[in-house]
Amino acid sequence: MIAFLKGEVVSVQDNPSRVVVMTSGGVGYSVLLPSVVNESLSPTTGEEVSLHIYYSVSERQPLPLLVGFESASDREFFEQFIQVEGIGPMRAATALTMPVPTLAYAIETEDLVTLTLLPGVGQRGAQKIIATLKGKVAEAAGRSAEIARRREPAPDMRSDVVAVLVNLGFRENEAATMVDQTIALEPDLADDAQGLLREIFRHSGPAAAFRSE
């Protein structure tokens, strides 16, 4: 079983995001990177990376699957995430488009809005995630809550951003949740209304932003 890899990136692939890591022993390993990991690392050929590895092989998937993470705690969250009915390793890797603390916080607070933003999850999938993992990811959720407490948005700015989202078709409670979760993810945007809106639209997508009720 492979639990950790350190080596040089010799190949980078998009859709899905993969890197080939050449270790000191001269063996190259193809590693799938969840979107949030790929975005954080922005791997380029020639650089050295260190990845905590989730390793999977089964009768249905005879070729080994290696999924890479920046920390052991994120890998542990992934191992819990794939215990949800209907979410296997490939689907879980595709769904991880937000940092683990943000997702854990959404699970612990039963935030269906944030969870349904994950690709391929939907309302029913979000409900299954909460039912399976609530109470089991509190430590990771605490990291997100602490970040949010460090920097609270100005009340007027928060209200303005919520009002913009409501005008675009979001329900008020949905808009407020999206604002709070985005600030937990990107606390530096707490005083930047335009940047906050751009980040919300980046995760929710233009179709969601301009839908009508």
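Numbers here are sequence positions counted from 1. The analysis underlying the following values was restricted to heavy atoms, covering all of them including side chains, and did not include hydrogens, waters or symmetry mates.
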Heavy-atom side-chain proximity of [X] to [Y] below 4.5 angstrom:
X: Ile107; Y: Ile129; value: yes
X: Leu5; Y: Ser50; value: no
X: Met22; Y: Val27; value: no
X: Lys134; Y: Glu108; value: yes
X: Leu63; Y: Val57; value: no
X: Val20; Y: Val12; value: no
X: Ile53; Y: Val67; value: no
X: Val121; Y: Thr116; value: no

Minimum heavy-atom separation for [X] and [Y], please, with both atom names.
X: Leu65; Y: Met90; value: CD1-SD, 3.9 Å
X: Pro43; Y: Leu33; value: CG-CD1, 4.0 Å
X: Ala175; Y: Leu165; value: CB-CB, 3.6 Å
X: Pro34; Y: Gly68; value: CD-O, 3.4 Å
X: Val36; Y: Pro99; value: CG2-N, 3.6 Å

Member of Phe77, Phe81, Phe78, Phe4 meeting the ring pair (Phe, Tyr, Trp, His ring centres under 6.0 Å) criterion with Tyr54 = Phe78
Just by modelled atom types, is the [Y] backbone N or O under 3.5 Å from a matching donor or acceptor in the [X] side chain?
X: Ser17; Y: Gln13; answer: no
X: Glu110; Y: Ala106; answer: no
X: Ser42; Y: Glu39; answer: yes
X: Thr109; Y: Tyr105; answer: yes

Atom [atom1] in [X], atom [atom2] in [Y]: separation rounded to 0.5 Å?
X: Met98; Y: Leu115; atom1: CE; atom2: CG; result: 8.0 Å
X: Asp74; Y: Leu96; atom1: CG; atom2: CG; result: 8.5 Å
X: Met178; Y: Arg171; atom1: CE; atom2: CZ; result: 11.0 Å
X: Gln83; Y: Thr132; atom1: CD; atom2: OG1; result: 9.0 Å
X: Met1; Y: Tyr55; atom1: CE; atom2: OH; result: 9.0 Å
X: Leu32; Y: Leu51; atom1: CG; atom2: CG; result: 11.0 Å

Would you sort out whether Glu8 and Glu47 count as a side chain to side chain contact (heavy atoms under 4.5 Å, CB included), showing the intermediate values?
-> CA-CA 6 Å; Glu8 179 185 342; Glu47 72 176 359; over 6 Å; no
CA sep, side-chain torsions, deciding dist, call: Arg158, Leu196, side chain to side chain contact (heavy atoms under 4.5 Å, CB included) = CA-CA 9 Å; Arg158 180 183 181 279; Leu196 187 57; over 6 Å; no
Has Lys136 got more than 12 heavy atoms of other residues, nucleotides or ligands less than 6.0 Å from its NZ?
-> no
Glu172 atom CD: more than 12 heavy-atom contacts under 6.0 Å = no
Does the pair Arg18 and Val31 meet the rule for a side chain to side chain contact (heavy atoms under 4.5 Å, CB included), with working shown?
-> CA-CA 5 Å; Arg18 286 183 181 272; Val31 182; over 6 Å; no
Starting from the C-alpha separation in whole Å, work towards a yes-or-no answer on side chain to side chain contact (heavy atoms under 4.5 Å, CB included) for Thr97 and Leu118.
-> CA-CA 7 Å; Thr97 57; Leu118 302 178; 3.8 Å; yes
Under the side chain to side chain donor-acceptor pair (under 3.5 Å) rule, what do Glu70 and Ser40 come out as? Steps first, then yes or no, please.
-> CA-CA 9 Å; Glu70 291 185 270; Ser40 176; 2.7 Å; yes
Sole candidate of Val179, Thr177, Ile183 that passes side-chain contact (heavy atoms from CB on, under 4.5 Å) when paired with Gln181 |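 Result: among Val179, Thr177, Ile183, Thr177 is the only option passing the side-chain contact (heavy atoms from CB on, under 4.5 Å) with Gln181.
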